[in-house]
*Asks:* 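Could you have a look at this structure, given as C-alpha cells, before my questions?
Both ligands and their constituent atoms are indexed starting at 1 by order of listing. Values in this document were obtained by computation on a predicted structure and should not be read as measured data.
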Amino acid sequence: MAHYIGLDLGGTNIKSGVVDDRGQIVAKLSRPTRPETGPDGVLASMVDAAREAADAAKIPLAQIAGVGIGCPGPLDFQKGLVKAAPNLPGWDHVPVRDHIARALGRPAVLENDANAAAFGEFWVGAGRDVQDMVMLTLGTGVGSGLVVEGKIIHGADGLGGEAGHLIVQPNGRRCGCGQRGCLEQYASASSVPRRALDAMAAGRRTILKPTRADGAEIDAQDVFAAAQQGDELALGIVEETAFYLGIGCVNLCRLLDPQMIVFAGGMIHAGEFLFDRVRRVFGEHSWTITDNHVQIVPAKLGSDAGLIGAAAVAQAK
Ligand SMILES: [Zn+2]
C-alpha cells in the first residue's frame, strides 16, 4: 500500500497528515501557521509538520510515495511557486514545492487549496462516484475547484476555476477582486451576516441583534437560525443566498455539464433548509430543452478535505 503526505497551508493553521492510497488518514496533526515568521519560518514549520506526521504514522519518509501541498494562491504551477497569498504577508514568489521536496527528499506537487479540497471530495468524498464535479466552498469568500474528466482545471495562468467570481449580478456589490456582483458577494458565509447588518442599518425590523451576548458580531449561522424561526429579514437573506447559488449552479452546468455540484463550508450545516431552496432556484432557471440531472449536495470530508485532497493530488501525479 502506498502512502502520501498531505500538507494544507492556511492563514491560521498548517495541517499535515499521512494518507494511504485508498484515501484513509493514517495520522494527522495541526499546528499554528505563525505567518509573522515569514516564508522561511512557515516553510520550516511545514517540513517539521510533514516529518511529525510520518513519525506519528510510523512510516519512514523514504517510504512516502509523494507529498501534496495545498496553498492559498495565486500559484505558478509550472515552477511550484506561491506568487502571493492574502493571509500570508511578505509572500512573493515563494518556491514552496522545491523547498519541501528538497527538505524531505520526496517528490512534491503544489496545488491551490480550494482545488485540493475539491479533489479530495472527488477522490473519496461526495464525488467519489463521478468524473465531472464542481465544488464551491462557502467560507470567507467562495473558493471553488473544477474537476473535469477526472482532472483539475487550471487554465492558462493558473486562474481557471474561480467560480466564486462568476458575475451573477451585473453592477452588483463590489468584490475585493475588483469586479462587481461576484457570486461570493452573495453566497459566502461572510456575506450573509454582512447583508443582514446592512439591512438592519437601513432600519429593517428583525429578531437579530448586531452582536451576540459575548460581543462578537453575528455570523451566517445566526442569520440561518433566525430565518428558521421565521424572521422575515433573515429569511430574505437566506432566499437571496440560495437564489444566487442556484443561478451560479445553472451557469456552471451550461459551461461544464458536471454530474455533481458540491457545497462545502460551515453554511452546509443548514442542510435541506439551504439545499432545497438552491435546487428550487436551479429548477426554475435551468434548461427546459432537456432534463437536468446534476446533483447539488453537501461535502462529506469536513475540515479534512484539504489534507486528503493534497494527498490526492500527489497520488494523481
Ligand atoms: Zn470577485
*Asks:* Report the protein N/O/S neighbours of the Zn ion (ligand 1) that fall below 2.8 Å; do not count waters.
*Replies:*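 Result, waters dropped: His165 ND1, Cys175 SG, Cys177 SG, Cys182 SG.
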
*Asks:* Stepwise, does the side-chain hydrogen bond (donor to acceptor under 3.5 Å, both in side chains) test hold for Glu111 with His154?
*Replies:* CA-CA 10 Å; Glu111 184 51 83; His154 288 131; 2.7 Å; yes

*Asks:* Indicate whether the side chain of Tyr186 and that of Glu240 have a donor and an acceptor atom separated by less than 3.5 Å.
*Replies:*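 Glu240 and Tyr186 do not have a side-chain donor-acceptor pair below 3.5 Å.
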
*Asks:* Centroid-to-centroid, Phe224 to His269, below 6.0 Å?
*Replies:*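 No; His269 has its ring centre 6.0 Å or more from that of Phe224.
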
*Asks:* If you apply the rule side-chain hydrogen bond (donor to acceptor under 3.5 Å, both in side chains), what do you find for Arg195 with Thr241, and how did you get there?
*Replies:* CA-CA 10 Å; Arg195 283 176 290 137; Thr241 302; 2.9 Å; yes

*Asks:* Should the heavy atoms of other residues, nucleotides or ligands under 6.0 Å from CZ of Arg34 be counted, would the total exceed 12?
*Replies:*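 No, because the 6.0 Å sphere around CZ of Arg34 holds 12 heavy atoms or fewer from other groups.
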
*Asks:* How long is the straight-line distance from NZ of Lys15 back to CD1 of Ile25, given to the nearest 0.5 Å?
*Replies:*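 The NZ atom of Lys15 is 9.5 Å from CD1 of Ile25, to the nearest 0.5 Å.
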
